[in-house]
Number of protein chains: 2
Amino acid sequence: MKNFETMSYDELLKEFKGILKANALKFTKQREAILSTLYNNPKHFTSECLYLLVKQKHPELNIGIATVYRTLSLLEENGLVSSISLGAQGKKFEIANKPHHDHLICSECGKIVEFENEQIERLQQQIAEENGFILTDHLMQLYGICSECQKKRTKGD
Amino acid sequence: MKNFETMSYDELLKEFKGILKANALKFTKQREAILSTLYNNPKHFTSECLYLLVKQKHPELNIGIATVYRTLSLLEENGLVSSISLGAQGKKFEIANKPHHDHLICSECGKIVEFENEQIERLQQQIAEENGFILTDHLMQLYGICSECQKKRTKGD
DNA sequence: TAAGATATGAATATCACTATCAAAAAGGTA
DNA sequence: TACCTTTTTGATAGTGATATTCATATCTTA
């Protein structure tokens, strides 16, 4: 897969158009609005949350929530966005124009910190090989209490 | 928390009864049926899947799916079962009478291989600390193609 | 720019899970 | 054991996130 790390918006858009063409899909205003909103807000979005933001930034499109779901699936299938499942807190999406990273999540406030660790990646590769697997992907989420929520706790009680 | 690794079913049952008593909850045939089914089938169950198996093994109980959900939550809250979220493949439960481990999952056939790696755990702890988090839990799933599915692929095409 | 395709938004359906509720069962107590 | 109180149960309805349907709108390319 391509590495989107250093991609400008124009390059990303070109990539997206290429994917659409290759699959006989159409380039629409809605799809672009969603892609650009994701690109310009490098946060982790809920589908709902992204829907509201796109609606706000592009009111003339009168975008529907179904289109947001459909487009997110499309983008994820093609590696342009990635998602993490936070169980009770829902599924969050982010644009995949950053280097690979994993997530450290606060169970109290939902804050997400990104990190990367080469050493763990190597160990994962090794584990897969030992078990006869070809590693294609991985998911690593660390859960804990962030420093702010730790402070709140001691105050609160 | 207690380590359930070497626990016999009798010990597990005793533990469960203790938890129930401590919370003023009752020991019922349904709850026991679910616990024993989990214990005797050391696999990863979907709620639905476990429901069907308990129904089959204990038809006289006429168990309802709601009870399965309720009991799984209860068992998970008390550390007797643990769960993993497999995204599209749903949430799966297993009895927590094994040492902590993570999962290596085949994206083609859904096969799950368990593994543990001390070194990764230490690195995770370290990452959490560096970011001011108190680590409470983690989720690590490696996705890949298992050796069997690799063989099928080369044959198939 | 017309033809033939896909995409869209609104509404509806689905899926996993949760809440509600009347009836049943558990487990103290006498 | 019989009673009494509380919790649990199964059935069912409800929920929220996501998927599907369908008539209309929009894109692409010829």
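Letters go in sequence order (proteins before strands), and every chain restarts at 1.
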Report the distance from atom CZ of B:Phe27 to atom P of D:dT9, rounded to the nearest whole Å. 11 Å
Residue among A:His44, A:Glu76, A:Lys92, A:Glu94 satisfying side chain to side chain donor-acceptor pair (under 3.5 Å) with A:Ser83: A:Glu76
Judged by modelled atom types alone, do A:Tyr143 and A:Gln141 share a side-chain donor-acceptor pair under 3.5 Å? yes
Spell out, as yes or no, whether a donor-acceptor pair under 3.5 Å connects the side chain of A:Arg31 to the backbone of A:Leu20. no
With a non-hydrogen cut-off below 4.0 angstrom, is B:Ile63 in contact with a base, only sugar-phosphate, or nothing? sugar-phosphate
Pick the closest DNA chain D nucleotide for B:Leu61 and for B:Lys26 by heavy atoms, then say which residue is nearer the 5' end. B:Lys26
Is any side-chain heavy atom of B:Ile120 less than 4.5 Å from a side-chain heavy atom of A:Gln119? no
Quick one: label B:Lys55 by what it contacts on the DNA or RNA (base, sugar-phosphate, nothing), any heavy atom closer than 4.0 Å. nothing
Under 4.0 Å: is that the gap between some side-chain N or O of B:Ser47 and OP1 or OP2 of C:dC17? yes
Classify B:Leu25 by what it touches in the nucleic acid, base, sugar-phosphate, or nothing, heavy-atom distance under 4.0 Å. sugar-phosphate
How close do A:Ala33 and A:Val54 get, heavy atom to heavy atom, and via which atoms? CB-CG1, 4.0 Å
Quick one: is B:Gln30 getting a side-chain N or O under 4.0 Å of the D:dG10 phosphate, OP1 or OP2? yes
For C:dT6, does either OP1 or OP2 sit under 4.0 Å from a side-chain N or O belonging to A:Thr28? no
Between B:Asn117 and B:His101, is there a side-chain donor-acceptor contact under 3.5 Å, judged purely by atom types and distance? no
Provide, to the nearest angstrom, the distance between the CZ atom belonging to A:Phe16 and the C1' atom belonging to C:dA7. 12 Å
So what does A:Arg70 hit on the nucleic acid, given a heavy-atom distance under 4.0 Å: a base, only sugar-phosphate, or nothing? base
End-to-end bend of the helix from C:dT1-D:dA30 to C:dA30-D:dT1 (five-pair axes, 10° rounding)? 30°
Rounded interatomic separation in angstrom, taking CG from B:Leu20 and P from C:dA25: 19 Å
